[in-house]
Amino acid sequence: MLSYIKTLKKHYKTEHPYKDPFKVLISCLISQRTRDSVTYPAAERLFKRYSSPESMSKANVKTIASLIKPAGFYRQKAKRIKKIAAYVSKYGVPDSVDELLKLPGIGRKCANIVLAYGFGKPAIAVDTHVNRISKRLGLVPWNSTPNQTEQALKKMIPKRYWNDVNTLFVKHGQEICKPINPKCDYCPLRSVCSYANQKHKS
Ligand code: SF4
């Protein structure tokens with residue numbers, strides 16, 4: 001598995017767009033059911049208008065919604081953003097999965113994203129790309145849940161590479177290992193991939 005990570009590292013230069021834990025947290029919330037090409041411009045509009053958790057916590061929900069639109073569920077996300085900003089302005093961004101999960105709209109994927117890219121702690125955030133590619137490669141069973149995939153990958157990969165998994169697999173999933181019609185002919189992992197081998201045999 002480590003060799004897969006090293007192979008992908010040669011192909012993709014990836015980095016999370018934010019390092020500040022609050023920005024990582026809010027951008028992850030905006031990204032839910034939303035493409036990156038919509039998420040990051042929306043996040044930038046929001047951060048430009050409200051540069052601190054304090055100012056965001058005092059913002060009008062409708063204004064937040066108008067800034068992050070057309071992100072999916074932007075009205076619901078705007079309410080959550082205001083609540084999270086209020087929490088963070090008092091207590092700071094939590095740096096544990098359990099505490100992050102208590103914030104409105106924050107699930108395990110975003111909690112791990114915040115740990116990995118906001119705090120630099122080892123974490124594996126399993127989103128649809130990471131789960132799909134792990135299944136296709138044959139690393140986990142087809143019915144593996146994101147949580148099960150996270151636990152399985154943690155056993156296979158040395159801790160110092162955990163933070164590479166999400167950014168590399170997301171990039172690979174967007175460019176080559178797409179949900180429909182993966183471009184296996186162009187994939188650097190083709191020779192070790194269960195899905196590609198099965199397809200070749202059939
Ligand atoms: S060979 Fe195909 S299915 Fe396997 S990881 Fe590459 S693109 Fe995805």
Side-chain angles (χ1 to χ4, degrees), residues 1-18 24-25 27-40 71-73 77 96-98 100-101 103 105-119 121-200 202:
M1 174 64 201
L2 179 55
S3 63
Y4 302 177
I5 299 291
K6 287 184 173 173
T7 300
L8 291 178
K9 270 170 95 85
K10 282 185 204 153
H11 281 259
Y12 303 118
K13 293 277 165 273
T14 59
E15 206 176 49
H16 193 279
Y18 298 114
V24 175
L25 174 61
S27 62
C28 193
L29 179 66
I30 295 172
S31 77
Q32 293 166 7
R33 303 204 179 203
T34 303
R35 289 192 307 276
D36 284 359
S37 59
V38 171
T39 294
Y40 293 110
F73 303 99
K77 286 176 183 173
S96 74
V97 167
D98 287 346
L100 283 159
L101 288 176
L103 298 175
I106 298 302
R108 198 165 177 89
K109 180 198 81 174
C110 277
N112 278 317
I113 292 271
V114 172
L115 288 193
Y117 307 115
F119 291 106
K121 292 186 171 189
I124 297 181
V126 177
D127 64 1
T128 55
H129 293 295
V130 177
N131 210 20
R132 179 180 71 256
I133 296 170
S134 300
K135 290 175 186 182
R136 284 179 173 169
L137 286 170
L139 299 171
V140 295
W142 280 106
N143 59 357
S144 183
T145 64
N147 195 5
Q148 288 167 335
T149 299
E150 179 190 330
Q151 304 317 321
L153 294 179
K154 280 180 172 172
K155 287 183 190 147
M156 294 174 208
I157 306 169
K159 250 187 188 179
R160 68 193 180 97
Y161 290 95
W162 286 6
N163 292 1
D164 292 320
V165 175
N166 181 274
T167 49
L168 287 171
F169 277 30
V170 168
K171 189 86 174 158
H172 191 52
Q174 289 169 339
E175 297 194 357
I176 305 259
C177 193
K178 296 175 180 244
I180 299 168
N181 295 330
K183 300 177 185 171
C184 300
D185 289 346
Y186 302 96
C187 179
L189 300 176
R190 184 183 170 145
S191 63
V192 294
C193 177
S194 302
Y195 177 93
N197 288 335
Q198 284 298 327
K199 211 166 69 168
H200 187 66
S202 59

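Numbers here are sequence positions counted from 1. Quick caveat: nothing in here was measured; it's all calculated off a predicted structure.
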Got Tyr4 and Phe169 here, is their nearest side-chain heavy-atom distance under 4.5 Å? no

At what distance, to the nearest 0.5 angstrom, does OH of Tyr161 lie from CG of Leu168? 11.5 Å

How far does CG of Leu25 sit from CG of Leu100, to the nearest 0.5 angstrom? 6.5 Å

Over 60° means perpendicular and under 30° means parallel, so classify the ring planes of His16 and Tyr40, tilted if in between. perpendicular

What are the two closest heavy atoms between Asn197 and Ser191, and how far apart are they? ND2-O, 4.0 Å

Please identify each residue that fulfils side chain to side chain donor-acceptor pair (under 3.5 Å) with Arg132, with sequence neighbours left out. His129

Donor-acceptor pair, side chain of Lys77 and main chain of Gly72, under 3.5 angstrom: yes

Indicate yes or no for a side-chain donor-acceptor contact from Glu175 to the backbone of His172 under 3.5 Å, with no hydrogens or angles considered. no

Is Thr167 reaching over with its side chain to a backbone N or O of Glu15, donor-acceptor style, under 3.5 angstrom? no

Asn147 vs Arg108, test: side chain to side chain contact (heavy atoms under 4.5 Å, CB included). Steps then yes/no. CA-CA 8 Å; Asn147 195 5; Arg108 198 165 177 89; 3.6 Å; yes

Contacts of Cys28 that satisfy disulfide (SG to SG under 2.5 Å) - sequence neighbours left out: Cys110

Crowding at NZ, Lys171 (>12 non-hydrogen neighbours, <6.0 Å): no

Gln174 vs Asp36, test: side chain to side chain donor-acceptor pair (under 3.5 Å). Steps then yes/no. CA-CA 10 Å; Gln174 289 169 339; Asp36 284 359; 3.0 Å; yes

Taking atom types as modelled and ignoring hydrogens, do the side chains of Thr39 and Ser31 form a donor-acceptor contact shorter than 3.5 angstrom? no

Is the shortest heavy-atom distance from the side chain of Ile157 to the side chain of Trp162 under 4.5 Å? yes

Correct closest heavy-atom pair for Tyr12 and Ile176 would be OH-CG1, 3.3 Å

Lys135 versus Thr149, side-chain donor and acceptor atoms under 3.5 Å: no

Roughly how far apart are Ser134 OG and Leu153 CG, rounded to 0.5 Å? 4.5 Å

Would a 4.5 Å heavy-atom cut-off, applied to side chains only, mark Pro182 and Arg136 as touching? yes

Please give me the minimum heavy-atom distance between Leu8 and Pro188, naming the atom from each residue. CD2-CG, 4.3 Å

Can you name the nearest heavy-atom pair linking Pro179 to Gly173, along with the distance? CD-O, 4.3 Å

Atom CG of Leu189 and atom SG of Cys184: how far apart are they, to the nearest 0.5 Å? 10.0 Å

Does Thr34 use its side chain to pair, donor to acceptor, with the backbone of Gln32 at less than 3.5 Å? yes

Tyr117 side chain vs Asn163 backbone, donor-acceptor pair below 3.5 Å: yes

One should read off an interatomic distance between Ile133 CD1 and Cys193 SG, to the nearest 0.5 angstrom, of 9.5 Å

Taking the side chain as every heavy atom from C-beta outward, state whether Asp164 and Lys9 have any atom pair closer than 4.5 Å. yes

Between atom CD1 of Ile124 and atom CE of Met156, what is the distance when rounded to the nearest 0.5 Å? 9.0 Å

Where is the tightest heavy-atom contact between Ala111 and Leu101, given as atom of each residue plus distance? CB-CD2, 4.4 Å

If we ignore angles and hydrogens, is there a donor and acceptor under 3.5 Å between the side chains of Glu150 and Asn131? no

